[in-house]
There are 2 protein chains.
Amino acid sequence: MDPSRTDPVPDPAVRRLSLYLRQLEAFSQKGRRTVSSKQLGASLNLTDAQVRKDLAYFGQFGHPGIGYRVDELIAQVKHILGTDKLSNVLLVGAGNLGRALSAYHGFDAKGFRLVAVFDNDSAKVGEQHGDFSVQPMSQLREVVAKLNIRLGIIAVPADVAQEVADQLIAAGIRGLLNFAPVSVHVPADVAINAVDLAVQLEQLSFQVNLASITS
Amino acid sequence: MDPSRTDPVPDPAVRRLSLYLRQLEAFSQKGRRTVSSKQLGASLNLTDAQVRKDLAYFGQFGHPGIGYRVDELIAQVKHILGTDKLSNVLLVGAGNLGRALSAYHGFDAKGFRLVAVFDNDSAKVGEQHGDFSVQPMSQLREVVAKLNIRLGIIAVPADVAQEVADQLIAAGIRGLLNFAPVSVHVPADVAINAVDLAVQLEQLSFQVNLASITS
DNA sequence: GGATGTGAATGCATTCACAGCA
DNA sequence: TGCTGTGAATGCATTCACATCC
């Protein structure tokens with residue numbers, strides 16, 4: 001009816017959409033043509049109702065009596081996530097983690113292309129990391145504009161993460177993936193996601209200790 | 001009163017507990033002695049009520065009229081998460097990401113100590129990565145038992161992640177952090193957390209595209 | 001006054017259950 | 001029959017609001 005999106009989509013549903021896509025691609029590679037909400041859910045420890053409800057937020061993709069056609073749904077989900085077209089991504093931080101990320105070649109198949117690596121440390125600028133020559137932060141604005149980059153990965157020490165984020169946003173970046181173990185604040189119109197190794201391990205520690213108490 | 005935990009603790013509350021700890025340590029380093037739920041919440045974009053409710057699941061740590069004593073609360077939260085004592089951690093996968101992780105020295109301050117690195121590739125076994133000599137998977141069971149390791153990090157290709165997880169669990173590991181871009185299934189008494197780079201970027205892509213439609 | 005801890009109220013996400021279609 | 005899409009019901013998490021204490 002109204003072509004512009006009005007009903008709010010629950011955030012958890014969007015997170016699961018990525019997981020559905022991953023599973024669907026696995027199903028596709030195994031030669032499956034269709035999949036039911038029950039099967040897709042089982043592969044992720046979710047209920048069938050959850051899967052159907054999540055997908056229904058975005059449209060009617062299923063076929064009653066049949067299920068979902070795998071390749072068709074893959075295309076739909078990619079379109080929703082915006083990964084049906086390649087997005088350019090930049091990386092700041094040429095330390096250990098930064099190097100590992102710049103050597104990771106799983107991006108392209110997922111719709112992302114790493115196109116530039118920056119670092120503030122003049123000792124690292126000019127180094128060759130895989131396909132990339134490390135550039136100084138002074139080049140940021142120009143490169144972002146020229147390559148139309150909207151997503152940035154922050155892999156710098158905690159004490160400079162906020163400063164780097166501010167620079168990226170000023171240069172035109174609209175979404176940030178932060179690996180620094182610190183809370184970074186951004187304006188409301190900028191998206192941010194954080195991955196903190198210590199936080200992840202702490203969650204496991206809690207659950208493991210809990211299990212040993214309960215038992 | 002009943003010393004055994006009976007009321008269920010919401011999962012989101014546990015996740016935030018780690019974030020509180022991180023902020024509290026930042027406050028402590030800046031010399032702050034006390035902090036209110038409002039201040040702690042503001043630093044993480046949460047409400048004061050949220051902070052108080054989360055902490056109250058675990059006990060009464062605050063002081064009316066004063067707030068929370070920073071160092072005191074740090075100790076309490078560490079105790080709850082089980083990171084007041086050092087936990088040994090192992091890593092499987094000596095590829096790019098594995099090397100980056102084994103070179104990361106931020107673990108110890110957080111209560112975790114990486115003590116062993118494994119890989120199945122015989123070409124990598126024996127290599128020296130930072131402080132670690134890469135060991136063959138055949139050593140797994142013995143090392144886990146001897147060093148009393150309960151947590152494991154999986155940094156291997158997607159197609160062997162499930163197999164590695166099974167081996168780790170058989171060897172006695174109780175909590176897994178999975179970096180492979182695939183859904184890994186574990187028994188109910190084993191904890192698992194996943195970090196998938198593509199999933200993170202897809203979330204950003206969705207939000208960034210959404211913003212450009214709404215505007 | 002300033003701030004916590006907590007029952008009650010609200011709001012949001014998940015699950016149920018079923019009409020409808022292939 | 002098999003399976004989707006969806007309103008209604010449930011269950012959980014967040015927020016409100018206030019009694020209580022320093």
Side-chain angles (χ1 to χ4, degrees), chain A residues 1-2 5-20 23-24 27 32-77 80 203 206, chain B residues 1-2 5-20 23-24 27 32-77 80 203 206:
Chain A
M1 325 286 155
D2 183 357
R5 177 150 310 290
T6 52
D7 351 358
V9 177
D11 224 63
V14 180
R15 265 202 305 283
R16 286 188 296 264
L17 216 51
S18 286
L19 302 181
Y20 297 151
Q23 289 305 111
L24 287 165
F27 278 122
R32 285 290 297 274
R33 309 301 304 273
T34 67
V35 68
S36 70
S37 57
K38 190 162 185 187
Q39 294 164 334
L40 184 50
S43 75
L44 290 163
N45 292 321
L46 301 170
T47 67
D48 54 337
Q50 180 82 81
V51 172
R52 292 199 300 277
K53 182 70 83 169
D54 284 346
L55 295 174
Y57 283 118
F58 302 98
Q60 306 199 156
F61 307 130
H63 305 275
I66 304 290
Y68 301 86
R69 293 197 225 287
V70 174
D71 291 346
E72 184 183 309
L73 188 53
I74 287 175
Q76 296 277 11
V77 174
I80 295 163
Q203 299 303 304
F206 177 82
Chain B
M1 308 303 146
D2 183 357
R5 176 150 312 288
T6 52
D7 349 357
V9 176
D11 225 62
V14 180
R15 265 203 305 282
R16 287 189 295 266
L17 216 50
S18 285
L19 302 180
Y20 298 153
Q23 289 306 110
L24 287 165
F27 278 123
R32 285 290 297 273
R33 310 302 303 274
T34 68
V35 68
S36 70
S37 57
K38 190 160 186 190
Q39 294 164 334
L40 184 50
S43 74
L44 290 163
N45 292 322
L46 301 169
T47 67
D48 55 337
Q50 180 82 81
V51 173
R52 292 199 300 278
K53 181 73 72 171
D54 284 346
L55 295 174
Y57 283 118
F58 302 98
Q60 306 200 156
F61 307 131
H63 304 274
I66 304 291
Y68 301 87
R69 292 198 226 287
V70 174
D71 291 345
E72 185 183 307
L73 187 52
I74 287 175
Q76 298 275 12
V77 174
I80 295 164
Q203 298 304 304
F206 176 83

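Just so you know, these numbers come straight off a predicted model, no measurement behind them. Lettering follows sequence order; numbering is per chain, from 1. Because only heavy atoms are used, hydrogens play no part in the values below, and waters and symmetry mates are left out as well, while side chains stay in.
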Legend entry - Spacing between Y68(B) atom OH and dA3(C) atom P, to the nearest angstrom: 12 Å
Legend entry - Pairs touching residues 10-20 of chain B that satisfy side chain to side chain donor-acceptor pair (under 3.5 Å), sequence neighbours left out: E202(A)-S18(B), Q203(A)-S18(B), R16(B)-D54(B), Y20(B)-D54(B)
Inset, instruction - Let me know the distance between CZ of R33(A) and C1' of dC3(D), rounded to the nearest Å. - result: 19 Å
Inset, instruction - Whole angstrom is fine here: how far is it from CG in L40(B) over to P in dA3(C)? - result: 13 Å
Inset, instruction - Would you mind listing every salt bridge (Lys or Arg N to Asp or Glu O under 4.0 Å) that reaches into residues 39-52 of chain B, with sequence neighbours excluded? - result: D48(B)-R52(B)
Inset, instruction - For H63(A) and for G62(B), find the nucleotide of DNA chain C with the closest heavy atom, then tell me which residue's nucleotide is more 5'. - result: G62(B)
Legend entry - Separation of atom CZ in F61(A) from atom P in dA22(C), rounded to whole Å: 18 Å
Inset, instruction - To the nearest 0.5 Å, tell me how far I80(A) CD1 sits from L55(A) CG. - result: 7.5 Å
Inset, instruction - Please list, chain by chain and in numerical order, all residues satisfying side chain to side chain contact (heavy atoms under 4.5 Å, CB included) with I74(A), sequence neighbours excluded. - result: L21(A), L24(A), E25(A), S28(A), V70(A), D71(A), K78(A)
Inset, instruction - Look at the side-chain N and O atoms of Q39(B) and state whether any lies under 4.0 Å from the OP1 or OP2 oxygen of dA3(C). - result: no
Inset, instruction - Taking side chain to side chain donor-acceptor pair (under 3.5 Å) as the test, write out the residues that go with R32(A), two or more places apart. - result: Q39(A)
Inset, instruction - Quick one, give me the B/S/- string for nucleotides 13-21 of chain D, reading 5' to 3', where B means a protein heavy atom under 4.0 Å from the base and S means that only happens at the primed atoms, P, OP1 or OP2. - result: SBBBB---B
Legend entry - Nearest-Å distance for atom pair CD/P, residues Q60(B) and dG7(C): 11 Å
Legend entry - Length of the line joining L55(B):CG and dT4(C):P, which is rounded to integer Å: 9 Å
Inset, instruction - Report the residues that fulfil side chain to side chain donor-acceptor pair (under 3.5 Å) with Q23(A), sequence neighbours left out, ordered by chain and then residue number. - result: S43(A)
Legend entry - Nearest-Å distance for atom pair CD1/C1', residues I66(B) and dG2(C): 9 Å
Inset, instruction - Please state whether the phosphate of dC3(D), meaning OP1 or OP2, lies under 4.0 angstrom from any side-chain nitrogen or oxygen of S36(A). - result: no
